[in-house]
Structure formats: structure tokens, C-alpha cells
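Side chains included, hydrogens not; waters and symmetry mates left out as well; all remaining heavy atoms used. Keep in mind that what you see is a predicted model, and the values were worked out from it rather than measured. Numbered from 1 within each chain, the chains take letters A, B, ... in sequence-line order.
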Amino acid sequence: MAAESLLKPVINQAFFTRSVHEVAPDLIGAILTVDGVGGVIVEVEAYHHTDPASHSYRGMTPRNAIMFGPPGYIYVYRSYGIHWCVNIVCEDEGSASAVLIRALEPRHGVDLMQQRRGMDELRLLCAGPGRVCQALGIIGADNGARLNFPAKGGGTPSRFILRPRIHDAAIVSGPRIGISKAVDAPWRFGLRGSPYVSKPFPE
DNA sequence: CAGTGGATGCTCT
DNA sequence: GAGCATCCACTGT
């Protein structure tokens, strides 16, 4: 896995029409906000449609239908009956793949995130997929929302804004968290040295 | 700190 | 009816 990755990628639909294993590390360092609240993406996981750990592995169901649609859309699902988790859909080899957003470095709307999370400590505000959704106010109704691609014919702007990173980023990778299949595949990516990840990466 | 277990709801078998 | 792409509180060092 490349230690350094693309400087300032252009975030458009083509960005998400690539191998999900390339898209995922390229999202590290980008800024994700929902209604202006969010921060720098410091941890993600890639889920390819041929991956037994992916929701799309067994084909389309009502829950994962968004994954089978066009890339650049938001897939939200409930985890363990309690938490929401947010993904960005990718089109990899013509079928459903996605990148799970696992942690952010809080930057925008910190007060609101602290209020929603019921805690002040920045390091734990967005350190985990459930925490990211709670801090950013992402819920099931956001499933199927669209990222702000360059406007084509107007329409209401999305709550979800993704801006590319502006500095190069040192990427680390390792096995994913909380899964029971394909447990050794190194498809979790993080910003090297970030204290805002959900769990340290082995260096 | 590390380890355990409870909360909770929806999907798919 | 089982099994989760989780988090938090609580236990015992």
C-alpha cells in the first residue's frame, strides 16, 4: 500500500468510479461536513462487493439498495440496533462498493458536535462510525443523499459536503474493526499519527 | 488500563 | 431466531 497518496484529488463522480481500495485512502485528509458541521477524515474502511464482510456481498436487499446505485451517494445503516454508520458509495468493477467513514478530526461546528455527543473531549467526539454520525447529525433519513458534485441543473444543495485535502497525507493501513469475515484484509486506512482515530494503527 | 456485558432494532435465514 | 461494519458503563487490576 502506497505510503503517500495523491495530492488534492478532484472530488467528482469519477473520483468514486474507481477501485474502492484506491478511493478509501484518497479520502483521508478530505473534509466532510453535514450542514456545515464536521472535520477532516482521518479513518475509513473499504468494502468491495466481492468481500464477504461487505453488506453488498450477498446481493441487493432493501437495506443496501443504495450501494447498487450510482457512485457518490450516501449509504446509512443502523449498527447493533443503536448507532448509525455512514458510507460513500463507489462504483468498482460495475457493482456495489462503499467506503465507511470511521473517524474525523473535529473542525467545524465543534460546539454543536459536543452538544449532540454529550461530551467535550475532542479526541472522542468523532472517533468511531457511530460517533461520527451522532456528532454530525446523520440519521437513517439521510440514506440515499447525494454529495455535492459540481451542480448539474441545480436542485437543492446536499447537506453532505466533501472537500478534497489540500496537503499531502501520510496514509497507514491495517485490518478492519468489528467484522467477522475477511478479518485480515488490510482495508482500514488512517492518517498517520492522528490522535482522532477510533483505535491506534500498528505502525 | 484491560476485559466484560448490556442496551437495542433491524436484516436476513 | 441469530447475528451484527458499536458504544458506554462498570468491573478489577
Side-chain angles (χ1 to χ4, degrees), chain A residues 16 19-25 27-28 32 34 38-39 41-69 71 73-92 95-106 113-145 160 171-191 194-202:
Chain A
F16 297 106
S19 165
V20 72
H21 302 123
E22 295 178 16
V23 175
L27 285 172
I28 299 298
L32 176 68
V34 177
I41 297 175
V42 296
E43 181 185 344
V44 299
E45 287 178 356
Y47 288 89
H48 190 262
H49 67 276
T50 58
D51 170 6
S54 173
H55 286 178
S56 57
Y57 180 64
R58 288 161 216 276
M60 188 163 67
T61 67
R63 175 176 68 160
N64 67 20
I66 292 298
M67 290 184 75
F68 290 80
Y73 282 71
I74 299 297
Y75 168 48
V76 179
Y77 67 91
R78 198 187 277 284
S79 175
Y80 292 91
I82 302 176
H83 308 284
W84 297 106
C85 295
V86 63
N87 297 250
I88 302 176
V89 173
C90 294
E91 189 177 317
D92 183 350
S95 192
S97 300
V99 178
L100 171 67
I101 307 299
R102 287 196 53 93
L104 305 181
E105 174 183 335
M113 289 194 281
Q114 288 171 327
Q115 187 180 320
R116 286 169 171 163
R117 293 271 298 115
M119 55 139 28
D120 290 338
E121 193 179 347
L122 287 184
R123 194 177 62 80
L124 297 177
L125 220 46
C126 303
R131 291 164 172 169
V132 167
C133 286
Q134 188 180 24
L136 273 59
I138 298 168
I139 58 173
D142 292 307
N143 187 44
F160 290 79
I171 311 294
V172 290
S173 65
R176 294 171 294 180
I177 294 180
I179 56 172
S180 58
K181 295 162 188 163
V183 293
D184 292 327
W187 293 331
R188 173 179 179 238
F189 302 93
L191 181 61
S194 173
Y196 298 100
V197 297
S198 64
K199 191 180 166 193
F201 283 79

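- For Tyr57(A) and dT11(B), the OH to C1' distance is 18 Å, given to the nearest whole Å.
- In this structure, the aromatic ring of Tyr77(A) is not positioned over the six-membered ring of the base of dA5(C) within 5.5 Å between centres and 30° between planes.
- Annotation: His49(A) is not in aromatic contact with Tyr57(A) [ring centroid separation under 6.0 Å not met].
- In this structure, Ser180(A) reaches the dC4(C) phosphate: one of its side-chain N or O atoms is under 4.0 Å from OP1 or OP2.
- For the pair Arg176(A) and Tyr47(A), the distance from NZ or CZ to the six-membered ring centre is under 6.0 Å and the angle to the ring normal is within 45 degrees.
- Summarising the geometry, the separation between CZ on Arg131(A) and P on dT6(C) is reported as 11 Å, rounded to the nearest angstrom.
- With dC12(B), dC10(B), dC7(C) as the choices, the nucleotide that has an atom nearest any side-chain atom of Thr61(A) turns out to be dC12(B).
- Taking atom NZ of Lys199(A) as the reference point, atom P of dC1(B) lies 16 Å away to the nearest angstrom.
- Considering only heavy atoms from C-beta on, Asn64(A) comes within 4.5 Å of Tyr75(A) through its side chain.
- The distance from atom OH of Tyr47(A) to atom C1' of dC4(C) is 11 Å, rounded to the nearest whole Å.
- Here Arg117(A) reaches the OP1 or OP2 of dC8(C): one of its side-chain N or O atoms lies under 4.0 Å away.
- Across all strands, Asn87(A) comes closer than 4.0 Å to base atoms (heavy-atom distances).
- Counting any heavy atom pair closer than 4.0 Å across all strands shown, Ile82(A) reaches a base atom.
- Base-pair partner of dA5(C): not found among the strands shown (Watson-Crick or G-U wobble, both distances under 3.5 Å).
- Spacing between atom CZ of Arg63(A) and atom P of dA5(C) amounts to 7 Å, rounded to whole angstrom units.
- Taking 4.0 angstrom as the limit, Arg188(A) places none of its side-chain polar atoms (N or O) nearer than this to OP1 or OP2 of dA5(C).
- Here the shortest heavy-atom pairing between Glu43(A) and Ile28(A) reads N-CD1, 3.7 Å.
- Distances shown here put every side-chain N or O of Arg58(A) at or beyond 4.0 Å from the OP1 or OP2 atom of dT13(B).
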